[in-house]
Amino acid sequence: MITFSRTSSLTNHIKSTHKTSPFHTFVPANDPSIALLKLLELSIEAHSLQLSHQSHARAHRVGLTRHPLIAQKLIFSYCKFKHPADAKLVFDSLLVKNTHICNTLLSGYGKNQLFLESFELFREMRVGSVFPLADDFTFSVIFKSVGDYGDVLCGEMVQGRGVKNGLVLDTVVGNSLMCMYGKCGCFDDALKVFNEMPHRNASSWNALISGYVKAGVGNAGDSFDGTRLWDLAKGMHSEGLRFDAFTVSILLSLCGGDGGSDECRHKYGYGRELHCYIVKNRLDLSSGLDSDVHLGSCLIDMYSKNGNVVVGKRVFDRLKGKNIFAWTSIINGYVHCGAFDEALFLFREMQWRDAMVPNKVSIVTILPACSSLAGLMGVKQIHGFAIRRELNHELSLCNALIDTYSKSGGLNYATQVFDYECINKDAISWSSIIFGYGLHGQGQNAVILFDKMLRNGFKPDTTVVIAVLSACSRSGLLNDGMRIYESVVTDYKIRPTAEMCSCMVDMLGRAGQINRAHDFIKQMDIEPGPSIWGALLCASAIHGNSEMQELAYKSLIQIEPENSSNYISLSNLYAASKRWDVVAEIRKGMRERGLKKLPGCSWISINNATHSFFVADKSHPCSDLIYTMLDALVLAMKLTCYNPDFVYSMEFLD
DNA sequence: ATAGGGTTAG
C-alpha cells in the first residue's frame, strides 16, 4: 500500500504545467497524471525497476504514455535502471519530442555508455530537423558523454557548434567543456576555456584543478608538479571563491604519501591543513549528510596513505551514516598497513552491525588480508563469497583473484578464473595471468599467452611486457625474450623503461651472457639505474664473474653513494677472496661518509605481541633460552651436513 | 533537467 505525501517541488511543477495541460480541463481534481508522476518519482527514489514497469503499464491503461512529463520520467527511470532500450521505446512513441525529453534520453545514453546513440541523437537536434534544437542543457550533457568516450576531436566539433550557438558562454556548459578536456588529458585546452569564460564559479576552478591532476597523472617525467597545483588552489581563493567540498576532496586525493620522502611529509602537511579547513568551515563530518560521508572517506584515505590509519579510524568513528565507501576506505587503510586481523574484523562488523552489503571493491580490498591470514584457503573463501553474491564476473575482482591465486600457489585456480569467469578481459587480466605463469616457472605458457593477447588485438603496455620478459628470464627463454623485446620496441613503439631494461639484463645475465648484458646496458637510451646494475651484479655473482661484479658494485656506489648495503656487498666480495686490504679501504670510505650498516631485524608475532631481534641482540627477556635453542639448532643443522656460511656476518660483528 | 568529488585490481 503506497501513500502519497504532498511535497513541494513536484506539486509546484505540476501546478505550473497544469495551465497548459489539456488534461486538467477535464479532470482537474483527481488528475491521474499526478498520481502517476508521484508513483514514478517514488520508483526512482526507491531504485525500483518493478515500480517503474508498473507505472508504465498504468500509463498505458489510462492513455498517458505520451504525457510529456510522464514520458520524461519514464525515460529517466529506465535509463537509470540500465534499461535504455525501454527508454527508447517510450521516446519513439512520442509524436512531439521537446528539448527536455531529448536531453533526458541523451543523458541516459551517456549513463549507459551508449555514446554512439548519444552522438546520433545530438546530431539530430539542429535547425531543420524534426527534433528540437539543442540548448545549454544539451551541450553540458553531450560534453560529459564525449569526455567519457574520450574522443577530443569529437569534442572539438561539438564545441564548434556550441560556439556558433553562443552556448559555451554559459557557466555550466563551460565547466562541462573543461571537464571534457580534462578527461581527455588536454589540460591546456581546459585552461584556454577557463581563461575565456565570462563567468566563473567554484566548479570552474574545481574542473581546472581536477583537469590538471588528470593530465599530470601517468606522465612519468612530469607526474605531478605540486607547487603549480597548490598555486591554482590559491588562485581560486584570491578570486574570492572558497573551497567547497568538491575542491577539498580533489585536493585531499593528492595528499597521499607513498613513502617517507620530504615531498610526502609536505603533502601530509597539506592534508592535515585541509582537514582543519573542513572543520573550520563547518564542512562538518558528523551531520550525516551525503557530502560529508564523501569528505570523510577522502580523509580516511588520506590519513591511511600517510601511514596514520589510527587518525583515519578516529575520523571514521565520528562519521554518521557510514556508507560502503567509508567502510571500504577504513578497511583498505588497515589492509595497507598490514593489520589484517583488524581489517577482517571491520569487514565483518560492516555487515553484521551496519547491514552493509559488500560490493566488488570491498571484496577486492579485503582479499590481500584473507590470502595473508589463510593462504590459498582464504582466497578460495573470498572467491566463494563473491560467487554467492554474483560478483565473480566483475573485472577488477577477477583480476585481483587471478593475481592473488597465482601468488598463493594456486595457478590452476588463477587459470580457471581467467578462462571461465573473466569474461571481458583487459590489460590487467592478461598481465596478471602472464605474470602468474612466469612466477610458477612456466615461461613457455607465459609466452604463448602473450602472443595470444596480441592476436586478440590487445596492445602491450610496459607492465605486461615486464611480466612476459621476467617470465622468459626465470625460465631461461632467451630467444623468446629477445624476440618479444625487439617486437614491442619496433612494432609497438614502446619506449624501454628502466624496469624493462633490467629484465633484459637479468635475462641475458642468468643465461650466462654477462658480456652481452653489459653491452645491452651500454646501448640503452636511458641512464642505467640501481635496478639495472643490480641485475648485472646478481648475474655475475651467479656465474662467478667477479670482474663484472666489481664493475656493477662500483657503478652502484657511484649512483647510490648513501646506500650502505652496496658498500657491504662490495666489501663481502673482496672478503670472499681474502683481499682484506680492499675491505679495509671500503670500510674506511663508509666511515668517512658517516654510513653505518643498517642492522638486519627479524620479528615474530605471538599472542598479539611482536618480538623483534637484531644481530647479536641480547635484550629479549628470554634471551638466554633463545640462544641455547639457537645453538642446538645450528648443531643439528651441521649434523645433517648443512654448513651455514657465517663468514660475512662474522666480519661485521665488531 | 545540465557540469565537478570518494573505496579496488597488474
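A, B, ... follow the sequence lines: proteins, then strands. Residue 1 opens every chain. Just so you know, these numbers use all the heavy atoms, side chains as well, and skip hydrogens, waters and symmetry mates.
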Participant: Would F143(A) pass as stacked on dA3(B), i.e. its ring centre under 5.5 Å from the base's six-membered ring centre and planes under 30° apart?
Facilitator: no

Participant: Any donor-acceptor pair under 3.5 Å joining the side chain of S203(A) to the base of dA3(B)?
Facilitator: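 Yes, a donor-acceptor pair under 3.5 Å.
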
Participant: Between dT7(B), dG4(B), dT8(B), which nucleotide gets closest to the side-chain atoms of V364(A)?
Facilitator: dT8(B)

Participant: Determine the contact category for V464(A): base if any of its heavy atoms lies under 4.0 Å from a base atom, sugar-phosphate if only primed atoms, P, OP1 or OP2 are that close, otherwise nothing.
Facilitator: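 If one applies the 4.0 Å heavy-atom cut-off, V464(A) turns out to touch a base.
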
Participant: Whole angstroms only, please: what is the CD1-C1' distance between I382(A) and dT8(B)?
Facilitator: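 After rounding, the reported distance stands at 13 Å.
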
Participant: Just checking K183(A): base, sugar-phosphate only, or nothing, at a heavy-atom cut-off of under 4.0 Å?
Facilitator: sugar-phosphate

Participant: Looking across every strand, which nucleic acid part, if any, lies under 4.0 Å from S396(A) by heavy atom: base, sugar-phosphate, or nothing?
Facilitator: base

Participant: Nearest of dA3(B), dG6(B), dA9(B) to any side-chain atom of N175(A)?
Facilitator: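 Looking only at heavy atoms from C-beta outward on N175(A), the closest nucleotide is dA3(B).
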
Participant: Checking all strands, does A467(A) fall into the base, sugar-phosphate, or nothing category for heavy-atom contacts under 4.0 angstrom?
Facilitator: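 Nothing: the residue A467(A), judged by heavy atoms under 4.0 Å, touches no strand.
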
Participant: Over how many whole Å does the gap from L208(A) atom CG to dG4(B) atom C1' extend?
Facilitator: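 Roughly 12 Å, once rounded to whole Å.
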
Participant: Looking only at heavy atoms, which two atoms of D136(A) and D170(A) are closest? And how far apart?
Facilitator: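 So the two residues come closest at OD2-OD1, 4.0 Å.
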
Participant: Under 3.5 Å, is there an N or O donor on one side and an acceptor on the other linking the side chain of S140(A) and the base of dT2(B)?
Facilitator: yes

Participant: Relative to each other, are the rings of F418(A) and W430(A) parallel, tilted or perpendicular (30° and 60° limits)?
Facilitator: perpendicular

Participant: Please state whether the base of dT8(B) and the side chain of T365(A) form at least one donor-acceptor pair under 3.5 Å?
Facilitator: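 For T365(A), whose side chain was compared with the base of dT8(B), there is no donor-acceptor pair (under 3.5 Å).
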
Participant: Give D135(A) one of three labels, base, sugar-phosphate or nothing, depending on what nucleic acid heavy atoms sit under 4.0 Å from its own.
Facilitator: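 Here D135(A) touches the bases of the nucleic acid.
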
Participant: If I compare all heavy atoms of V468(A) with all of A446(A), which pair ends up nearest, and what's the gap?
Facilitator: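 Looking at all heavy atoms of both residues, the shortest contact is CG2-O, 4.0 Å.
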
Participant: With a 3.5 Å cut-off and heavy atoms only, can you find an N or O donor on one side and an acceptor on the other between the side chain of D244(A) and the base of dG5(B)?
Facilitator: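 Side chain to base: no pair present.
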
Participant: Looking across every strand, which nucleic acid part, if any, lies under 4.0 Å from D403(A) by heavy atom: base, sugar-phosphate, or nothing?
Facilitator: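 Answer is sugar-phosphate: D403(A) comes under 4.0 Å of backbone atoms only.
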
Participant: Could you note down all residue pairs passing side chain to side chain donor-acceptor pair (under 3.5 Å) where residues 171-185 of chain A supplies at least one of them, sequence neighbours left out?
Facilitator: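 Output for this query lists D148(A)-K183(A), Q159(A)-Y181(A), N175(A)-N201(A), N175(A)-S204(A).
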
Participant: Reckon N332(A) has a side-chain N or O less than 4.0 Å from the OP1 or OP2 of dT8(B)?
Facilitator: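 So the side-chain polar atoms of N332(A) do come within 4.0 Å of the phosphate oxygens OP1 or OP2 of dT8(B), strictly under.
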
Participant: The side chain of V172(A) lies closest to which of these nucleotides: dT2(B), dA1(B), dG10(B)?
Facilitator: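 Of the candidates, dT2(B) comes closest.
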
Participant: Mind checking whether Y303(A) and Y268(A) have parallel, tilted or perpendicular rings, split at 30° and 60°?
Facilitator: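 Plane angle over 60°, so perpendicular.
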
Participant: Check every atom of dT8(B), dG6(B), dG4(B) against the side chain of V361(A) and return the nucleotide holding the closest atom.
Facilitator: dT8(B)

Participant: I need the NZ-C1' distance between K313(A) and dT7(B), as an integer number of Å.
Facilitator: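 Taking atom C1' of dT7(B) as the reference, NZ of K313(A) is at 17 Å.
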
Participant: Has the side chain of S432(A) got a donor or acceptor that lies under 3.5 Å from a partner of the other kind on the base of dG10(B)?
Facilitator: no

Participant: Identify whether any heavy atom of N103(A) sits under 4.0 Å from a base atom; if not, whether one sits that close to sugar-phosphate; answer base, sugar-phosphate or nothing.
Facilitator: base

Participant: Of all the choices, dA1(B), dG10(B), dA9(B), which nucleotide is nearest to the side chain of H336(A) once you look at every atom?
Facilitator: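 Ranking dA1(B), dG10(B), dA9(B) by closest atom to the H336(A) side chain puts dA9(B) first.
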
